[in-house]
Amino acid sequence: HLVLDDHVLVSQCRQQAGQIGARERHHLALGHLEILLGALAGGGQNHRLGLDDAALIKENHVAFAGDVAAAVGLAAERLPGGYEVECRDEGDVEAALAGGAERLLLDNMSPDGLRAAVAARNSRVGDGQRATLEASGGVTLDTVADVAATGVDYISVGALTHSAPALDLSLLIEPAS
């Protein structure tokens, strides 16, 4: 029997077929566990299981707190589960590191900016601090090797999820001859 009212289900299945090997953070028809397992099976690595594993300090949080260092201080006091600081330039990186941030999301930085962030982090290793660095934003499968060569610890490639091709699940009925 065919279910005729299945447009939404078929649409979600087509979308997920292309995304199952990637890390996807949105709720889709497949369960979250299946998506995480798909990422692992495809060679990916998930650094968190869900959005509630850690907070992400973004520019609005920084504006509210006054500056990056103040936002990091508030997060350290109030978020024992961990947090990640979005950094858009070298000044953000320096302030986050000075504030003791343990994880930095380097957003839309050039390879030179990423190398500078790695150098800034590495210069503080003697202080007992070893923040992890994640490059994100604008990374494609064509540029991921160049980004990896900068020395960052993690790379997020959004194209794996938002540009994954859909699976053709159309059902064509041909007349009997």
Side-chain angles (χ1 to χ4, degrees), residues 12 15-16 18-19 22-28 30-33 35-36 39 44-164:
Q12 287 185 340
Q15 179 184 17
Q16 289 177 8
Q19 295 177 345
R23 178 177 57 135
E24 176 58 42
R25 292 184 266 186
H26 304 289
H27 177 72
L28 299 170
L30 287 177
H32 189 67
L33 179 60
I35 293 170
L36 294 177
Q45 179 182 4
N46 296 293
H47 64 275
R48 65 178 179 233
L49 297 178
L51 292 178
D52 59 344
D53 286 354
L56 176 60
I57 299 173
K58 296 185 65 67
E59 62 270 9
N60 285 341
H61 305 114
V62 170
F64 180 75
D67 59 31
V68 172
V72 169
L74 287 170
E77 290 173 16
R78 300 178 183 183
L79 300 170
Y83 59 91
E84 187 170 17
V85 182
E86 181 180 73
C87 299
R88 294 173 289 166
D89 57 38
E90 292 176 43
D92 287 351
V93 169
E94 287 292 342
L97 291 172
E102 295 177 359
R103 187 171 185 102
L104 281 62
L105 177 82
L106 308 175
D107 191 36
N108 290 308
M109 287 190 176
S110 68
D112 286 341
L114 295 173
R115 280 189 282 279
V118 170
R121 185 269 315 270
N122 291 348
S123 72
R124 295 176 177 275
V125 171
D127 301 336
Q129 182 181 8
R130 171 78 169 133
T132 58
L133 305 177
E134 176 183 356
S136 182
V139 181
T140 67
L141 296 178
D142 292 332
T143 63
V144 71
D146 293 334
V147 172
T150 66
V152 295
D153 303 297
Y154 299 96
I155 303 171
S156 292
V157 182
L160 292 174
T161 55
H162 63 66
S163 299

Taking the side chain as C-beta and beyond, is there a heavy-atom pair between [X] and [Y] under 4.5 Å?
| X | Y | answer |
| --- | --- | --- |
| R88 | N108 | no |
| R124 | E94 | yes |
| S136 | E86 | no |
| R121 | D153 | yes |
| L74 | H61 | no |
| K58 | V85 | no |
| L104 | L97 | yes |
| L105 | Y154 | no |

Nearest heavy atoms of [X] and [Y], plus distance in Å:
| X | Y | value |
| --- | --- | --- |
| A117 | L106 | CB-CD1, 3.7 Å |
| A95 | V68 | CB-CB, 3.7 Å |
| A120 | V93 | CB-CG1, 4.3 Å |
| A101 | Y83 | CA-OH, 3.8 Å |
| D92 | D89 | N-OD1, 2.8 Å |
| P111 | T150 | O-CG2, 3.7 Å |

Under the rule for side chain to side chain contact (heavy atoms under 4.5 Å, CB included), what residues qualify as partners of S110, not counting sequence neighbours?
D112
Run the side-chain contact (heavy atoms from CB on, under 4.5 Å) check on L133 and R103 step by step: do they pass?
CA-CA 6 Å; L133 305 177; R103 187 171 185 102; over 6 Å; no
How long is the straight-line distance from CD1 of I57 back to CG of L79, given to the nearest 0.5 Å?
7.0 Å
